[in-house]
J.: 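Structure in structure tokens, see below.
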Amino acid sequence: MNGFLRFGLMLAGLIVVLILTLAAFQLPIVDSVKLIFEGAFADKFAWSRSAVKMTPLLLTGLGMVIAWRAGVYNIGGEGQFVVGAIFGAAIGKALIGANATGMPGGSVLILGGCAVGGAIWAWFAGWLYVRRGVEVVISTILLNFIAIQLLGYAVSGPLQEQKRQVPQSDLLPESLMLARFDRQTDVHWGTVLAVVMAVLLTVFLYRTVMGYRLRLVGDNPKVARVNYIDPGKVQLSSMALSGAMCGLAGGVEYLGLVGQLGTTFPQQWGFLGIPVALLGGLNPMLTAGAAFFFGALFAGTENLARFTPAGTTIVYVIQATAVLAYVGLSGLKKVRPKPEEETESTPS
Amino acid sequence: MTANPGLHVENIVKRFGSLTALDNVSASFRPGEIHAVLGENGAGKSTLMGILSGFVVPDSGSVKLDGEPVPVGRPFDCKRTGIEMIHQHFTLVSEFSIAENFAMSRLPGLVGASNVTERSQPSLAAAARLGWEMEPGRKVSSLSVGAQQRVEILKALGGNARVIIFDEPTAVLSPDEVSDLFRVLRQLRDDGHVVVLIAHKLSEVLSVADRVTVLRRGKWIASAPIADVTERTLAEWMVGELPAPLPKRMESNLKRGVMAVDVSVLGDRGETAVRNVNFQIQRGEILGLGGVDGNGQLELAEALVGIRKVIGSLLFESGAMDPAKARIAYVPQDRQHDGLAMGMSIEENLLITGHRKPELRSGPFLRFAKLHEWSKMLVKRFSVKANSPADRVAGLSGGNQQKVVVSRALDEQPDLLVVVNPTRGLDIRATEYVHSKILEARDGGAAVALFSTDLDEIYALADRVMFLSRGELIEDAGAESLFGAKV
């Protein structure tokens, strides 16, 4: 299939970029690739690290897929991720305060809150766009900064730990955290949740009426309007869904891994979702593949950094290349003339 | 003076894909003459002018100015030889002052200061000669359309203009401005310029031109001194044989169909695009709505199908028009922008209307088996040339793309069918096919609004014809009045 072929080619290209980058850092290529590979796949710890890194990438990537597919260029995954986690932490604090940490479904409640938080944050940008014509790219970027300030306020104000020493929230009790599969590794149910979301999103986009409308609006909003589908409405819901997915990513990171919010909580997963979604060609299943690739790359380069002077910078080089490649590809598509259509605009 | 003064085109052929825009056209434009080139939309006028001004490269044929070959296909060189074109869409920089725009046409070298004052001088001198007041410092964006056109003309006169081509210059002007423009055309002629006027309004041509050339569907039809022609002959040259009106259809179901009472529609910029129109389309009837593009067709069509707000009342059957109740089918003019999602497959494009069909969905899900069956059936029935409905619609030819739009619209018998230039850019066979489908929908009881700039098409299909001009509807009063008001 076309999409798979493209994905494979892009992947191969990125691996070439990886090798070139290693060369530019003057690292021994074979040894470095070996270290990266071992860091990502050598044993269950390596696999677990790859999966853990993949999880938030996949969820934010899916969030990007939903919005971009509807033609709304949400760049605010980071803000939605953070606000989602703040909502979750608020619920967590309430549960601790009410001594209800053992309540069944507590983590589901927190995750739900995270999704709602992210959805609200994205919906606002969507509303500004649909009703007020504010460019989403601009508003979501700015909302990212507000979200990060909001986090700073929350963890040094209403959500701060009871000791009130460090700007961070209280650590959640184990009962509210997402279960892990193995005591030695970090991989948790959030990873499963992310993969399930990729499957659900595939079904939604390609098998349901709503998903069809969303893709139609993204491809040509004018056609949708001419056929009595309100593009604004569709884009607004797609933004909310997108934000929910990013908020969920924040929740999964919060409940699955760290258990508390601090100013170092945002690790740019929201931004990194963009290259992931682009490498995945805005297709949910391929996005899962792309998320795994980047997750493994993170795990691998961390290993590389342990033994060489190179840091995880390499990942960012690869990611930037992926984005540039995508932009270049779409540019090429636009420039290439469609021979058939030239006859249409025949001057009269 | 050379032996053969003036601009001569010889045996020009220009094809765009399968469409022949100019088929072996020859004409001579002499100095001291206003020479009108007349033709309907699609006759090839603009292509010819594009060739003269260097923007379009002909497939064969030659252009000579005063006996010297013109560098066709090189706009800058054409300008240097003295061929200037006054475009319908002005080529002015609206944020620049008048003088700066004048200076632009006098191309400076790579080095050298801008010297706006000096370089705008020839244009300002021309303004004085023509008796036009110009404030050189004023921004072009603050000028009226008519004044912008004057700037455009003066810009052209700033060089060594020998031939000046006006592309439908009156379309944007008020009657007073038109007569002033004609005065200038005559003065330019008397100064010895070759003046070429592209037009489609017969009355204007008759009042200002000295000689007229008529094109129809890319072919040269006739050239003659204006004294030798009448409005009637020009009309016949333009459209060919004027078709005999079709026999009147039986008047039945008088109360049914669509009725517009004092309908006005706003355009995208809030202007009144359609002004107080009244008409009725019965079921089983095609109302042809003719007129030149941009006279409110698009806005009225979108109002009819319910995606643009209507001021006034639009009735269907016995109540207000409600797109949710009446089965409305719409074939928009611009299939690429309004008709198709170019990134999607044929099937997904058919689904644009199909996703509302109850048999193709179950709850929130699409029923894929049924959907494939249905799309295959449509592709077959409307003979879309594609390997499979899963092919991308972007890979289809224009004609087959149009078939996708039409098949989707006419899958079910509609109550109201609105089509806008349904065959623009299609070859003959695809055109016939689309026409037959429109007639089929009518005979099945649809009220059909056929918007078209193609008079042949309107007269071939419509049971009744009206014309849109500047947002107002004009009753068709026979062929003579088709081409502009008789004075």
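Reminder, nothing fancy here: chain letters follow the sequence lines and each chain counts from 1. What you are looking at is a predicted structure, and each value in this text was computed from that prediction instead of being measured.
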J.: Can you check whether A/Ile15 reaches A/Phe293 side chain to side chain, under 4.5 Å on heavy atoms?
T.: yes
J.: Can you pull out every ring pair (Phe, Tyr, Trp, His ring centres under 6.0 Å) where at least one residue sits in residues 335-355 of chain B? Sequence neighbours excluded, please.
T.: A/Tyr212-B/His355
J.: Taking atom types as modelled, is there a side-chain donor on B/Asn421 or B/Glu457 under 3.5 Å from an acceptor on the other?
T.: no
J.: Go through A/Val226, A/Ile229, A/Val203 and name the one with the most non-hydrogen pairs under 4.5 angstrom from chain B.
T.: A/Val226
J.: Name the one of B/Leu410, B/Leu340, B/Asp338, B/Thr353 that satisfies side-chain contact (heavy atoms from CB on, under 4.5 Å) with B/Val405?
T.: B/Leu340
J.: Output the option from A/Asn220, A/Leu216, A/Val223 having the highest count of non-hydrogen pairs under 4.5 Å with chain B.
T.: A/Val223
J.: Can you say whether B/Arg367 sits under 4.5 Å from chain A via the side chain, the backbone, both, or neither, judging by heavy atoms?
T.: neither
J.: Would you mind checking which part of B/Leu371 comes under 4.5 Å of any heavy atom in chain A, side chain (CB onward), backbone (N, CA, C, O), both or neither?
T.: neither
J.: So for B/Tyr330, is it side chain, backbone, both, or neither that comes closer than 4.5 Å to the heavy atoms of chain A?
T.: side chain
J.: Which pairs pass ring pair (Phe, Tyr, Trp, His ring centres under 6.0 Å) with one or both residues in residues 218-239 of chain A, sequence neighbours excluded?
T.: none
J.: Quick one: of B/Met49, B/Arg308, B/Arg356, B/Lys14, who has the most non-hydrogen atom pairs under 4.5 Å with chain A?
T.: B/Arg356
J.: Hey, what's the ring geometry for B/His372 with B/Phe368, parallel, tilted or perpendicular (30° and 60° as the breaks)?
T.: perpendicular
J.: Can you tell which part of A/Arg213 gets under 4.5 Å to a heavy atom of chain B, answering side chain, backbone, both or neither?
T.: side chain
J.: Quick one: of A/Asn227, A/Asp219, A/Thr208, who has the most non-hydrogen atom pairs under 4.5 Å with chain B?
T.: A/Asp219
J.: Quick one: do B/Glu347 and B/Lys370 make a salt bridge, cutoff under 4.0 Å?
T.: no
J.: Please flag which part of B/Glu348 lies under 4.5 Å from any non-hydrogen atom of chain A: side chain, backbone, both or neither.
T.: both
